[in-house]
Amino acid sequence: MEGSVLSLVLLLFAGIAAGFLNVLAGGGSLLTLPILIFLGLPPVTANGTNRVAILCQNVVAVHKFRKTGFFMLKEGIILGLTASVGAAVGSMIAVETSGELFRRILSVVMIIVLALILLGNKTNPGQEKVQNIRLLVPLFFLVGIYGGFIQAGVGFIIIAIVTTVGGAGLIQTNALKVLVIMIYMIPSLIVFLVQGHVNWTAGLVLAAGTTTGAWLGARFSVLKGDKWIRYILTAAVVSMAVKLFFF
């Protein structure tokens, strides 16, 4: 893969699409993970490599949200550190999972997360601050395990938990989400790195794409073409999920 310029160009554009999608809705890893696998990386290495891009993207997002006035540093650190413990556990499980099993798990997760995307978010505006931190702590430990294991769609899980249990609005929730993911992605990436499951060439190219896409998505967050994004995402995810499951 490292010797294929065409593959790296494809990965760059996939990263741009994923970063853009993550800002508008979420689920960018539903595109990048399968593409990394299809371009020749072993599933576990694709999982680890994808985290380079996710970390870089969320660093950019955290920097952006710090200027909005909705940034919740204390809550984010508490929940991020809790999720980090779970992420380390989930990542260790991931590196021991066979490639075939991981592909099948990913294909099922892709369909489930796609359903969440298509259902959309129907939450109320919520409060300006996150409530019930004590209830959120154990939930975010479980979020960390899932994020450490597979990551794809974790944003939707965080949004559902924080808006329902925490009672926060979507802007506050998104600000909290990117901070938590940035924090727990560090130990998760370290686990994959120590085990030799990170392809830096692919990871950095993908990171360049996702950070660019995130910047574009932030600039054009209100688009008339939202329905077309959902149509394209649906077609792409279903086709890739089927191919992954019956690889």
- Joint cluster assignment, Met72 & Met182, ILVMFWY side-chain distance < 4.5 Å: yes

- Item | Ser188 side-chain N/O to Tyr184 backbone N/O, donor-acceptor pair under 3.5 Å | no

- Message: Would the distance check show the side chain of Ser91 and the main-chain N or O of Ala88 forming a donor-acceptor pair, the cut-off being under 3.5 Å?
- Response: no

- Side-chain touch Ile54/Gln151, heavy atoms, less than 4.5 angstrom: yes

- Student check: side-chain heavy atoms of Val85 and Leu81 closer than 4.5 Å: no

- Query: Does one hydrophobic cluster hold both Leu6 and Leu204, with members joined at side-chain heavy-atom distances below 4.5 Å?
  - Reply: no

- Query: Atom CG in Leu11, atom CG in Leu206: separation rounded to 0.5 Å?
  - Reply: 4.5 Å

- dist Thr164:OG1 -> Asn132:CG (nearest 0.5 Å) comes out at 10.0 Å

Pair up each side-chain donor or acceptor in residues 30-37 with any protein partner under 3.5 Å, not counting sequence neighbours, and list the distances.
residue, atom, partner, partner atom, Å
Thr32, OG1, Asn50, OD1, 2.7

- Checking side-chain contact (heavy atoms from CB on, under 4.5 Å) for the pair Ile181/Ile158: CA distance, chi angles, key distance, verdict? CA-CA 10 Å; Ile181 293 176; Ile158 292 176; 3.9 Å; yes

- Message: So which atom in Ile183 and which in Gly76 form the shortest heavy-atom distance, rounded to 0.1 Å?
- Response: CD1-O, 3.6 Å

- Query: Considering only heavy atoms from C-beta outward, does the side chain of Val44 approach that of Phe192 to under 4.5 Å?
  - Reply: yes

- Item | Heavy-atom donor-acceptor pair, Arg51 side chain to Ile190 backbone, under 3.5 Å | no

- Query: For the side chain of Asn199 and the backbone of Ala202, is there at least one donor-acceptor N/O pair under 3.5 Å apart?
  - Reply: yes

- Quick one: are Phe149 and Asn47 in side-chain contact, heavy atoms under 4.5 Å? no

- Check the pair Thr201 / Leu8 against side-chain contact (heavy atoms from CB on, under 4.5 Å), numbers first and verdict last. CA-CA 9 Å; Thr201 300; Leu8 295 177; 4.1 Å; yes

- Rounding to 0.5 Å, atoms CD1 (Ile145) and CD1 (Ile150) come to a distance of 14.0 Å

- Item | Any side-chain heavy-atom pair of Leu193 and Trp200 under 4.5 Å | yes

- Note on the structure: Contacts of Ile78 meeting side chain to side chain contact (heavy atoms under 4.5 Å, CB included) (sequence neighbours excluded), chain-then-number -> Lys74, Ile133, Val137

- Query: Taking all atoms of both residues into account, what is the closest heavy-atom pair of Val178 and Ala61, and its distance?
  - Reply: CG1-CB, 3.7 Å

- Any Val162 side-chain heavy atom under 4.5 Å of Phe140 side chain: yes

- Task: Scan residues 75-90 for pairs that pass side-chain hydrogen bond (donor to acceptor under 3.5 Å, both in side chains), counting only residues two or more places apart or in two chains.
- Result: none

- Message: Would a single hydrophobic cluster contain both Phe20 and Val60, if residues Ile, Leu, Val, Met, Phe, Trp and Tyr are joined by side-chain heavy-atom contacts under 4.5 Å?
- Response: no

